K.L.:
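The structure's right below; bear with me while I get my questions together.
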Amino acid sequence: MATLQKRLAEIIPPLKDEIKGITKNHGDIKISEVSIAQAYGGMRGVKGMICDTSVVNPDAGLIVRGYPIMDLTEKLPEEIFYLLCTGELPDKAALKALQKEYSDRAKVGKYVWDVLEAMPKDSHPMCMLDTAVLVMERESEFRKEYDKGMRKEDYWKPMLEDSLNLLAKLPVIAAGIYRMRFNKGKRIGAKKDLDWGANYAHMLGIKDKTGNFAKLMQLYLTLHCDHEGGNVSAFSCHTVGSALSDAYYSVSAGLNGLAGPLHGLANQECLGWILETMKKFNGVPSEEDLYKFAWDTLNSGKVVPGYGHAVLRVTDPRFTAFLAFGKKYIPDDPVFQLVAKVFDVVPKVLAEQGKVKDPWPNVDAGSGALLYHYGMTEFPYYTVLFAVSRAMGMLSQLILNRAMGTAITRPKSVSTEWIKKQIPAS
Ligand code: CMX
């Protein structure tokens with residue numbers, strides 16, 4: 001059976017040889033130059049690391065292992081994880097085997113719940129998720145094997161074990177946090193016959209007779225899976241992992257970055273902005289009022305959350321997928337209608353202002369309105385959903401980096417004094 005473990009064991013050695021050959025024979029070829037503006041500007045556009053799980057093209061958005069994300073919207077998140085790791089979609093048997101792995105590993109230790117319950121009641125759900133991940137570090141198979149003394153070529157194996165354990169437990173923990181933090185009552189146990197995303201939806205306990213909330217969760221978890229290697233969460237996870245820190249330490253680092261308002265937290269900020277607009281205008285405003293309100297936001301020195309991107313220069317296809325979901329299932333919902341209207345107005349405003357390089361919506365612009373419709377109104381929780389999905393990207397990248405023996409991250413920094421010396425005298 002082509003289990004994930006077996007398939008990785010087959011594809012890793014030739015891939016390693018290929019990379020060895022490339023660096024040995026062509027290592028001197030230049031792939032990037034760095035300007036002073038880039039050094040001060042978050043290294044935007046500098047090609048200085050490898051990520052084989054996905055690429056983000058400025059004019060097309062996320063491509064996972066050669067598949068545009070719009071071609072994957074019907075896939076289960078388990079299929080996506082297999083694809084991220086191997087470059088192939090699993091056959092039925094491999095999918096079933098992976099689902100069994102998740103189901104067998106889903107039990108979360110009591111000590112994790114005890115820690116979460118001891119946290120202050122106003123802790124942010126992302127801080128709770130991160131704490132749970134970090135406190136489970138004691139379970140790391142990578143650390144155990146490393147401490148025993150393991151051969152370098154075997155590093156990826158316990159990393160895969162840690163990844164499967166984490167992915168199996170994350171929805172259970174994340175759903176538990178939702179119920180605990182927002183007083184939803186007792187935790188709901190997983191069901192053996194449900195897939196990963198449907199189980200998460202079930203454990204959250206959102207009542208939905210239509211079954212469309214579970215569909216939304218499948219779409220949500222699929223769309224947020226990965227976004228190449230240089231975004232804040234992936235890069236943080238990568239850097240920490242490059243020190244051979246295990247999956248728990250590394251993913252925790254990534255989650256801390258995802259919790260920032262310019263990154264994953266933008267989805268909570270986004271719905272906040274939409275609801276603020278609704279409140280101000282007592283419902284969906286006219287295009288004219290919306291135009292003025294968007295300008296007010298910019299003039300008050302704030303960003304319009306959900307718009308702009310460090311890499312993309314077109315409407316994020318993930319936003320397009322959420323918009324299509326809303327149009328299909330909840331076209332009459334006023335909050336969703338406002339999201340669609342904002343899409344008509346805000347890019348014009350941002351373009352007129354002329355500062356932003358990408359005036360188009362990113363993934364965070366629309367997802368909140370959909371969750372809100374199905375009764376998940378606690379928007380500080382939204383980034384947790386993002387995190388559960390993005391763990392797939394972070395972990396698949398970690399597995400591959402361990403397999404390839406990726407070097408410890410250590411770019412060179414320079415001082416402003418040094419920069420000044422590079423500027424020719426005029
Ligand atoms: N609203 C107002 N101003 C914006 C803006 C927005 N949505 N997006 C960018 N700008 C501004 C920047 O703040 C910057 O202003 P200054 O020159 O005064 O510093 C200027 O436009 C140029 O920025 P940029 O090069 O176009 O964008 P960056 O690559 O620096 O930043 C991002 C990208 C996403 C942080 C930025 O567009 C932003 O803050 N967007 C709103 C927050 C958001 O939606 N984040 C989620 C991104 C997706 C994700 O990672 O999860």
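Indexing begins at 1, ligand by ligand and atom by atom, following the structure's order. Bear in mind the structure is a predicted one, so any value in this text is a computation, not a measurement.
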K.L.:
Taking only heavy atoms of Lys357 into account, list the atoms of ligand 1 that are under 4.0 Å away from them.
P.N.:
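Answer for ligand 1: 25 (O), 26 (O).
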K.L.:
Identify the closest protein heavy atom to atom 50 (O) of ligand 1: which residue and atom is it, and at what distance?
P.N.:
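Protein heavy atom with the smallest distance to atom 50 (O) of ligand 1: His263 ND1, 2.7 Å.
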K.L.:
Less than 4.0 Å from atom 22 (C) of ligand 1, is there any heavy atom belonging to the protein?
P.N.:
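Yes, because at least one protein heavy atom sits under 4.0 Å from atom 22 (C) of ligand 1.
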K.L.:
In terms of atom number and element, which parts of ligand 1 are under 4.0 angstrom from non-hydrogen atoms of Ala266?
P.N.:
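Within the 4.0 Å cut-off of Ala266, ligand 1 contributes 43 (C), 44 (O), 45 (N), 46 (C).
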K.L.:
Distance below 4.0 Å between atom 32 (C) of ligand 1 and any protein heavy atom?
P.N.:
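No, because not a single protein heavy atom sits under 4.0 Å from atom 32 (C) of ligand 1.
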K.L.:
For the rings on Phe293 and Trp273, is their centre-to-centre separation under 6.0 Å?
P.N.:
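Phe293 vs Trp273: aromatic centres under 6.0 Å.
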K.L.:
Could you tell me whether atom 12 (C) of ligand 1 has at least one protein heavy atom nearer than 4.0 Å?
P.N.:
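So far as the 4.0 Å threshold goes, atom 12 (C) of ligand 1 is out of reach of every protein heavy atom.
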K.L.:
Which residue owns the protein heavy atom closest to atom 39 (O) of ligand 1, what's the atom, and how far is it?
P.N.:
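Minimum-distance protein heavy atom for atom 39 (O) of ligand 1 reads Leu262 CD2, 3.4 Å.
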K.L.:
List ligand 1 atoms under 4.0 Å from Leu350, heavy atoms only on the residue side.
P.N.:
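That gives atoms 1 (N), 2 (C) of ligand 1.
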K.L.:
How about atom 19 (O) of ligand 1: does it have a protein heavy atom within less than 4.0 Å?
P.N.:
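Protein heavy atom within 4.0 Å of atom 19 (O) of ligand 1: absent.
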K.L.:
How about Leu312 and Pro58: do any of their side-chain heavy atoms sit closer than 4.5 Å?
P.N.:
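No - every pair of side-chain heavy atoms lies 4.5 Å or more apart.
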K.L.:
Please write down residue, atom name and distance for the protein heavy atom closest to atom 14 (C) of ligand 1.
P.N.:
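Result for atom 14 (C) of ligand 1: Lys355 CE, 4.5 Å.
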K.L.:
For Lys75, look at atom NZ and say whether over 12 heavy atoms of other residues, nucleotides or ligands are found less than 6.0 Å away.
P.N.:
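For Lys75, atom NZ is not crowded (no more than 12 foreign heavy atoms under 6.0 Å).
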K.L.:
Kindly identify the option in Asp358, Val346, Val303 whose heavy atom sits closest to atom 3 (N) of ligand 1.
P.N.:
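Checking each option, the heavy atom nearest atom 3 (N) of ligand 1 is found in Val303.
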K.L.:
Does the protein put any heavy atom within less than 4.0 Å of atom 27 (O) of ligand 1?
P.N.:
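Within 4.0 Å of atom 27 (O) of ligand 1, no protein heavy atoms are found.
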K.L.:
Among all protein non-hydrogen atoms, which one is nearest to atom 30 (O) of ligand 1, and what is the separation to 0.1 Å?
P.N.:
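Its nearest protein heavy-atom neighbour is Arg44 NH2, 3.2 Å.
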K.L.:
Do the side chains of Leu370 and Leu219 get nearer than 4.5 Å, heavy atoms only?
P.N.:
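Leu219 does not reach Leu370 side chain to side chain.
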K.L.:
Is the closest side-chain donor-acceptor distance between Tyr82 and Glu88 under 3.5 Å?
P.N.:
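Per modelled atom types, Tyr82 and Glu88 side chains form no pair under 3.5 Å.
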K.L.:
Any idea which protein heavy atom is nearest atom 41 (C) of ligand 1, and the distance to it?
P.N.:
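For atom 41 (C) of ligand 1, the nearest protein heavy atom comes out as Tyr307 O, 3.3 Å.
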K.L.:
So, His227 and Arg390: side-chain donor and acceptor under 3.5 Å apart, yes or no?
P.N.:
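There is no such pair between these side chains.
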K.L.:
Which ligand 1 atoms, with their elements, are less than 4.0 angstrom from a heavy-atom of Asp364?
P.N.:
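So the answer, numbered in order with elements, is 46 (C), 48 (C), 49 (C), 51 (O).
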K.L.:
Could Lys302 and Glu269 be called an ion pair, given the rule that one side-chain N must be under 4.0 Å from one carboxylate O?
P.N.:
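No.
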K.L.:
Is there a heavy atom in Val363 that sits closer than 4.0 Å to ligand 1?
P.N.:
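No, Val363 has no heavy atoms under 4.0 Å from ligand 1.
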